[in-house]
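Bear in mind that the values here come from a model prediction, so they are computed numbers and not experimental data.
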Amino acid sequence: MREWGMKTIGLLGGMSWESTAEYYRLLNELTRERRGGLHSAPCVLYSVDFAHIETLQAQGRWDEAGKLLADAALAVQAAGADMVLICTNTMHKVADRVADAVRIPLVHLADTTADAVRARGMRRIGLLGTAFTMEQDFYRGRLASHGLDVLVPEAEGRARVHQVIYEELCVGVVRDESREDFKAVIDGLVARGAEGVVLGCTEIELLIGPGDSPVPVFPTTRLHAEAAVDLALAEG
C-alpha cells in the first residue's frame, strides 16, 4: 500500500518497546531526511507483550514464539504493510517462520548488517547481543554466510552483556558502570582481531555509541531502519 509515494512499513515490536521506540523515531527521521518537509514514515506496528516472549525464549519454546510472530506478521500484512521487520535481533531465530507466513518481504536484520560491514571492507567482526544471539547459529551463521568471520566475547563477557540487556536496557536503565563493562568486552574482541563490532541487540544502541569503541560499531537498529526506508521509497 503506497501512501503519498511511499510503501508502508510493517513492524513486529515490543521486544522490548524501548528499542521499538528507537525504530519509530529512526524511521520517521530518515524519511524526513530523504523526503523533506513534514513527511513521515507510513507504518503498521504490532507490539507484543515482551514478558510472554521472554518466557518462551528462556524455556526454549521457539515454535510457540515463531507462531506468535508469524500471526503478528499476518496482522500487519492485513493492515496494509508492504514489508515486515522483526524489531529485535534475537527473534530472528524465527525469521524463516515469519517470512514463510506472509506474502510481503521480510527485511532481515542480519543481512542489512552484513551488507554494511562488507561495504566498509571488513571481514572479521565482533558480535554483541543476547546469549541466544551470541551463542546460537541462527544469527552468527547468517553473518558468516556473507563471508564474515564472527567473534563473540568469552563466557564471562557474554554473561555480563546478556544480563545488562535484560535487566537494565530492556527496562530503560542506562548505567555508566555497564557502559564501562561493555567497553572492556569490546576491547577484548578488538584484541582478538575484530575490525569492527556489531551491536547485535537493538537495545545496545541505548548504551554504546561510536565513541565507546576503538573500532567502528555497526548499530543494527539504524541499519535496519535505513534499509526499510530505502525499500519503502524504491519504485516498483
Side-chain angles (χ1 to χ4, degrees), residues 1-48 69 72-89 91-92 95 98-99 102-122 125 143 146 169-170 172 174 196-213 215-236:
M1 178 177 70
R2 275 193 176 271
E3 180 181 321
W4 294 93
M6 185 172 180
K7 297 172 186 173
T8 299
I9 301 169
L11 305 170
L12 306 186
M15 301 168 281
S16 69
W17 70 259
E18 296 283 349
S19 62
T20 303
E22 283 294 294
Y23 266 94
Y24 188 71
R25 179 183 64 81
L26 286 165
L27 289 169
N28 285 292
E29 287 182 353
L30 291 164
T31 298
R32 183 175 60 198
E33 288 173 11
R34 284 159 171 70
R35 304 191 71 193
L38 296 176
H39 284 291
S40 55
C43 297
V44 177
L45 169 63
Y46 191 114
S47 189
V48 303
L69 290 195
L74 286 168
V76 300
Q77 176 179 268
D82 296 296
M83 69 193 76
V84 61
L85 280 65
I86 303 174
C87 299
T88 158
N89 288 270
M91 293 310 294
H92 275 71
V98 173
V102 292
R103 299 184 307 276
I104 56 179
L106 181 143
V107 183
H108 199 291
L109 203 160
D111 292 343
T112 63
T113 300
D115 288 345
V117 173
R118 288 168 55 86
R120 295 287 295 272
M122 297 179 187
I125 197 80
L143 293 175
H146 290 269
L169 300 179
C170 284
V174 178
V197 176
V198 171
L199 306 183
C201 174
T202 50
E203 285 84 11
I204 294 178
E205 289 159 65
L206 303 175
L207 181 70
I208 295 295
D212 299 310
S213 171
V215 296
V217 296
F218 292 88
T220 57
T221 303
R222 173 171 285 277
L223 294 171
H224 207 196
E226 288 174 347
V229 171
D230 288 344
L231 180 59
L233 290 171
E235 295 297 327

| field | Listed partners of Glu22 passing side chain to side chain donor-acceptor pair (under 3.5 Å), at least two apart | value | Arg25
| task | Determine whether His39 and Arg32 make a side-chain contact, defined as any pair of heavy atoms from C-beta on separated by less than 4.5 Å. | result | no
| remark: Closest heavy-atom pair, Ile86 versus Leu69, reported as atoms and distance to 0.1 Å, is CG2-CD1, 4.3 Å
| query | Are Leu85 and Ile9 side-chain neighbours, meaning at least one heavy-atom pair lies under 4.5 Å? | reply | yes
| Heavy-atom side-chain proximity of Pro216 to Arg120 below 4.5 angstrom | yes
| Check: Ala41 main-chain N/O paired with Asn28 side-chain donor or acceptor under 3.5 Å | yes
| message | Checking Asp230 now: which residues fulfil salt bridge (charged side-chain N to carboxylate O under 4.0 Å, His left out) with it, not counting sequence neighbours? | response | Arg34
| query | When rounded to the nearest 0.5 angstrom, what is the spacing between OG in Ser40 and OH in Tyr24? | reply | 6.5 Å
| message | Let me confirm one number: the NE2-CG distance from His224 to Asp111, rounded to the nearest 0.5 Å. | response | 9.0 Å
| Can you name the side chain to side chain donor-acceptor pair (under 3.5 Å) partners of Glu205, sequence neighbours left out? | Thr221
| query | Of all residues at least two apart in sequence or in a different chain, which pass the side chain to side chain contact (heavy atoms under 4.5 Å, CB included) check with Ala116? | reply | Phe218, Leu223
| request: Please list, chain by chain and in numerical order, all residues satisfying side chain to side chain contact (heavy atoms under 4.5 Å, CB included) with Ala110, sequence neighbours excluded. | output: His108, Tyr139, Arg142, Leu143
| Point-to-point distance, once rounded to the nearest 0.5 Å, from CG of Leu109 to OG1 of Thr220 | 5.0 Å
| task | Compare every heavy atom of Val107 with every heavy atom of Leu231, then report the nearest pair and how far apart it is. | result | CD2-CG2, 3.9 Å
| Are Thr113 and His146 side-chain neighbours, meaning at least one heavy-atom pair lies under 4.5 Å? | no
| request: Not counting sequence neighbours, which residues clear side chain to side chain donor-acceptor pair (under 3.5 Å) with Asp212? List them please. | output: none
| request: Using a 4.5 Å cut-off on heavy atoms from C-beta on, say whether the side chain of Leu11 contacts that of Thr20. | output: no
| request: Apply the test side chain to side chain contact (heavy atoms under 4.5 Å, CB included) to residues Leu12 and Val48: give CA-CA distance (whole Å), side-chain angles for both, the deciding distance (0.1 Å), then the verdict. | output: CA-CA 8 Å; Leu12 306 186; Val48 303; over 6 Å; no
| query | Got Met6 and Val229 here, is their nearest side-chain heavy-atom distance under 4.5 Å? | reply | yes
| query | So, do Arg35 and Leu233 sit near enough that their side-chain heavy atoms are less than 4.5 Å apart? | reply | yes
| message | Donor-acceptor check, side chain of Asp82 to backbone of Lys7, threshold 3.5 angstrom: yes or no? | response | no
| message | Going by the rule side chain to side chain contact (heavy atoms under 4.5 Å, CB included), which residues pair with Ala225 if we only count those two or more places apart in sequence or in a different chain? | response | Leu26, Leu27, Leu30
| message | Test of understanding: with side chain to side chain contact (heavy atoms under 4.5 Å, CB included), list the residues that count as partners of Ser19, not counting sequence neighbours. | response | Ser16, Thr202, Glu203
| field | Minimum side-chain heavy-atom gap Leu169-Glu18 below 4.5 Å | value | no
Please report, to 0.1 Å, the donor-acceptor pairs under 3.5 Å made by any side chain of residues 73-81, with sequence neighbours excluded.
from: Gln77; atom 1: OE1; to: Arg103; atom 2: N; distance (Å): 2.6
from: Gln77; atom 1: OE1; to: Ile104; atom 2: N; distance (Å): 3.4

